[in-house]
Amino acid sequence: MGNRKFLGNAILLCVLGIVFMFLYSGLQNDQIGIIQTFITEQGGGWTANATQLPMTAGNFACIILTFVYGTLFVKYGVKKPLIVVMLITAAAVIGMVAANGLDCNGGAASGSYPLFFVTLFIVRCGCMILQMAGFMLVANWFIRLRGQIMGIVTLGSPLFSIVGTAGMTNLISKRFGGDYRPFYIAVAVLIIVVLLIVAFGIKDTPEEAGLYPDGADHAPASEKGDEIHLTVADVLKQKKAWQLIVSYGAFTFIINACMGSMAIRFITLGGPEVWIGATKYLAIGAVLGIPMSYIFGFLDDKLGSVKASIILGLCELIPVLCLMMQPMGGSVPLMVGWGFGVACMTGGVPTLHPCITAYAYGRREYQSANRIIMAIQLIPSAVAAMMMTVLITSGRAMVGYGILIAVVVLGLAATCSMLSLEDANAADRDYGAK
């Protein structure tokens with residue numbers, strides 16, 4: 001990356017990618033921990049199932065939107081669809097502020113559940129495009145350094161767990177008396193600022209800026225053939241597509257299930273105090289998630305996406321087991337283990353998920369395949385958090401965590417079946433060029 005022009009673009013893309021993942025991670029899953037801390041049935045607010053419902057509905061809508069967003073990217077590039085959706089999302093975040101319903105303001109009587117439902121649903125649907133945009137930009141601009149750059153970008157996920165879930169839960173509780181509205185106002189402002197930077201500061205591909213991936217002085221050696229835009233039928237006929245669907249469908253299911261139900265798990269073990277106490281270990285895990293993002297990216301570049309993903313799958317057993325074995329009142333050693341598991345999930349899954357799709361399909365066909373594969377992967381993930389919330393609140397948490405262990409094993413089996421799969425851009429990757 002000696003080219004100064006490329007370096008400037010690369011730095012901006014990395015910073016924007018971190019912010020994309022920060023916002024996406026928080027608005028997709030982690031914010032439910034904040035919402036369910038300050039809107040509770042015991043405090044006069046809506047039930048945990050009611051606050052989870054718009055997120056679950058949004059999860060289902062995102063199955064379709066993933067295909068829609070991906071198709072728009074293929075047709076119009078990244079920037080134009082991203083700007084429109086970000087603007088709508090910022091407006092919906094302000095709508096959540098207006099919906100109120102917080103315990104500290106009088107609970108359900110002080111708010112509008114229909115407005116809460118609609119705006120939280122829109123936010124959940126809108127934030128998906130941030131992740132997809134960040135991943136496509138990295139796939140477009142990097143081949144040789146794909147894993148490590150993805151590892152830098154995805155550290156935004158554990159960063160939200162520190163600043164957002166853990167840090168903001170304590171700040172809102174101690175400084176704002178349980179009123180999370182200033183937090184959401186700040187999120188809306190951040191989205192608008194990022195939107196302006198996207199509009200004026202980035203290009204969809206290095207070629208649009210007169211450059212080549214990784215700052216190289218020549219076009220990628222692995223892309224000499226004509227580009228083929230894969231149709232839905234093309235992808236669904238391929239064995240590798242179904243291997244990817246099952247493997248990362250399983251790994252994504254686990255992160256959604258654990259992160260979307262962790263607050264209610266600890267609350268049922270002793271009330272909000274146990275959960276607030278557990279957030280400091282979440283913060284430790286989130287801090288560890290920052291280097292873990294890069295470590296998994298480094299493993300991807302050195303070992304290939306399949307071997308790195310097998311390591312990730314084994315690590316996903318850690319948070320499941322630690323949440324499963326938590327006793328009443330919580331266990332500090334298990335909370336520490338859970339925190340490390342969060343580091344692996346929030347650092348590893350977002351990093352390796354796009355990497356393995358690019359590994360299988362290459363830079364130019366990444367989004368044509370991803371829009372279909374990712375949409376199908378989201379079908380089971382759409383119910384993950386709600387499934388766990390219902391099982392935990394009905395006293396059947398052990399059944400839920402048993403299901404999660406089986407899902408991890410399924411994901412590992414599918415990943416191991418891809419060990420013979422070759423990197424589509426192998427000629428431009430360090431281990432492929434040796």
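Along the sequence shown, residues are numbered consecutively beginning with 1. As the structure is a prediction and not an experimental result, all values here were calculated from the model.
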One should read off an interatomic distance between Met374 CE and Ser381 OG, to the nearest 0.5 angstrom, of 9.5 Å
In short, Ile32 meets Gln52 closest at the heavy-atom pair CG1-OE1, 3.7 Å
Exercise. Got a donor-acceptor contact below 3.5 angstrom from the Asn256 side chain to the Ala384 backbone?
Worked result: no
Could you tell me whether the side chain of Phe121 reaches within less than 4.5 Å of the side chain of Phe116, counting heavy atoms only?
no
task: Report the C-alpha distance between Trp275 and Thr37 in whole Å, list the side-chain angles of each, state the deciding distance to 0.1 Å, and finish with yes or no for side-chain hydrogen bond (donor to acceptor under 3.5 Å, both in side chains).
output: CA-CA 8 Å; Trp275 163 237; Thr37 300; 2.9 Å; yes
Contacts of Ser394 meeting side chain to side chain donor-acceptor pair (under 3.5 Å) (sequence neighbours excluded), chain-then-number -> Arg396
With no hydrogens and no angle check, is any side-chain donor or acceptor of Asp234 less than 3.5 Å from a backbone partner on Thr231?
yes
Give a yes or no on whether the backbone of Gln148 and the side-chain of Asp301 come within a donor-acceptor separation of less than 3.5 Å. yes
The reported gap from CE in Met96 to CD1 in Ile185 (rounded to nearest 0.5 angstrom) is 12.0 Å
Arg363 meets the salt bridge (charged side-chain N to carboxylate O under 4.0 Å, His left out) criterion, sequence neighbours left out, with Glu207, Glu223
Here the side-chain hydrogen bond (donor to acceptor under 3.5 Å, both in side chains) pairs for residues 85-102, sequence neighbours left out, are Asn100-Asn105
Side-chain donor-acceptor distances from residues 307-325 under 3.5 Å, at least two apart:
unit_1 : atom_1 : unit_2 : atom_2 : d
Ser309 : OG     : Tyr248 : OH     : 2.6
Ser309 : OG     : Ser305 : O      : 2.7

Quick one, Phe38 and Ser173 - any side-chain contact, counting heavy atoms below 4.5 Å? yes
- Item | Whether Glu365 side chain and Ala360 backbone form a donor-acceptor pair below 3.5 Å | no
Please check: side-chain N/O of Lys79 versus main-chain N/O of Ile202, any donor-acceptor pairing under 3.5 Å? yes
*Below 4.0 angstrom, N of the basic side chain to O of the carboxylate: do Asp423 and Arg146 qualify?*
yes
If you look only at distance, which donor and acceptor atoms sit under 3.5 Å apart when one is on a side chain in residues 279-292 and the other is two or more places apart or in another chain?
unit_1 : atom_1 : unit_2 : atom_2 : d
Thr279 : OG1    : Asn170 : ND2    : 3.3
Thr279 : OG1    : Ile276 : O      : 2.5

Residues pairing under side-chain hydrogen bond (donor to acceptor under 3.5 Å, both in side chains) where one sits in residues 39-50, two or more places apart or in two chains, turn out to be Thr40-Asp103
Heavy-atom nearest pair, Ala358 first then Ala424, reads O-CB, 4.4 Å
For Ile35 and Tyr180, the nearest pair of non-hydrogen atoms, with its separation, is CA-CE2, 4.0 Å
Before accepting this row, confirm whether a basic side-chain N of the pair Arg429/Asp300 lies closer than 4.0 Å to the acidic partner's carboxylate O. yes
Tightest non-hydrogen contact, residues Ser247 and Thr415, listed as CB-OG1, 3.2 Å
Inset, instruction - Could you walk me through whether Tyr69 and Phe73 pass ring-ring contact (aromatic ring centres under 6.0 Å, His included), step by step? - result: CA-CA 6 Å; Tyr69 292 154; Phe73 286 170; 7.1 Å; no
*Just do the side-chain contact (heavy atoms from CB on, under 4.5 Å) check on Val408 and Leu404 with the steps written out, would you?*
CA-CA 6 Å; Val408 174; Leu404 297 190; 5.6 Å; no
Residues pairing under salt bridge (Lys or Arg N to Asp or Glu O under 4.0 Å) where one sits in residues 105-129, two or more places apart or in two chains, turn out to be none
ask   = If you count the non-hydrogen atoms of other residues, nucleotides and ligands that lie under 6.0 Å from CZ in Phe340, is the total more than 12?
value = no
Counting N and O atoms only, with roles assigned by atom type, does the side chain of Asp428 sit under 3.5 Å from a partner on the main chain of Arg144, one being a donor and the other an acceptor? no
Could you tell me whether the side chain of Phe266 reaches within less than 4.5 Å of the side chain of Glu273, counting heavy atoms only?
-> no
When rounded to the nearest 0.5 Å, the distance separating CD1 of Ile254 from CE of Met259 is 13.0 Å
Q.
Are Tyr366 and Pro354 packed together at the side-chain level, in the sense that at least one heavy-atom pair is separated by less than 4.5 angstrom?
A. yes
Here the salt bridge (Lys or Arg N to Asp or Glu O under 4.0 Å) pairs for residues 162-188, sequence neighbours left out, are Asp179-Arg181
**Asked** Can you find a pair of side-chain heavy atoms, one from Ile392 and one from Tyr401, that are under 4.5 Å apart?
**Response** yes
When rounded to the nearest 0.5 Å, the distance separating CZ of Phe296 from NE2 of His353 is 15.0 Å
For Pro327, the side chain to side chain contact (heavy atoms under 4.5 Å, CB included) test, sequence neighbours excluded, returns Ser331, Leu334
What verdict does the side-chain contact (heavy atoms from CB on, under 4.5 Å) test give for Val84 and Lys80, after you've listed the backbone C-alpha separation in whole Å, the side-chain angles of each residue and the deciding distance to 0.1 Å? CA-CA 7 Å; Val84 173; Lys80 292 177 182 177; over 6 Å; no
inquiry  = Counting only heavy atoms from other residues, nucleotides and ligands, does the tally under 6.0 Å from OH of Tyr113 exceed 12?
reply    = yes
- request: Check the pair Phe160 / Leu23 against side-chain contact (heavy atoms from CB on, under 4.5 Å), numbers first and verdict last.
  value: CA-CA 7 Å; Phe160 186 91; Leu23 289 168; over 6 Å; no
CD1 (Ile245) and OG1 (Thr252) are apart, to the nearest 0.5 Å, by 12.0 Å
Exercise for review: Please test Tyr361 against Gln367 for side-chain hydrogen bond (donor to acceptor under 3.5 Å, both in side chains), starting from the C-alpha separation and ending with a verdict.
Suggested key: CA-CA 9 Å; Tyr361 286 93; Gln367 195 56 258; over 6 Å; no
Residues Ala369 and Val235: closest non-hydrogen pair is CA-CG2, 4.1 Å
Output for pair (Ile94 CD1, Ile191 CD1), nearest 0.5 Å, gives 9.0 Å
Next item on the list: Kindly indicate whether the side chain of Thr393, heavy atoms from C-beta on, has any atom under 4.5 Å from the side chain of Ile264.
Entry: yes
- Task: Check whether any side-chain heavy atom of Ile149 lies under 4.5 Å from a side-chain heavy atom of Tyr294, and answer yes or no.
- Result: no
Sorted by chain and residue number, the side chain to side chain donor-acceptor pair (under 3.5 Å) partners of Ser417 (sequence neighbours excluded) come out as Gln243
Looking only at heavy atoms, the pair that brings Pro81 and Leu72 closest together is CG-CB, 3.8 Å
Inset, instruction - Give the intermediate values and the outcome of side-chain contact (heavy atoms from CB on, under 4.5 Å) for residues Phe60 and Val383. - result: CA-CA 8 Å; Phe60 280 109; Val383 300; 3.1 Å; yes
For residues 11-22, please give each side-chain donor-acceptor pair under 3.5 Å, one per line with the distance, not counting sequence neighbours.
none

Sorted by chain and residue number, the side chain to side chain donor-acceptor pair (under 3.5 Å) partners of Asn140 (sequence neighbours excluded) come out as none
Do Leu120 and Gln31 have side chains that approach each other closer than 4.5 Å (heavy atoms only, starting at C-beta)?
yes
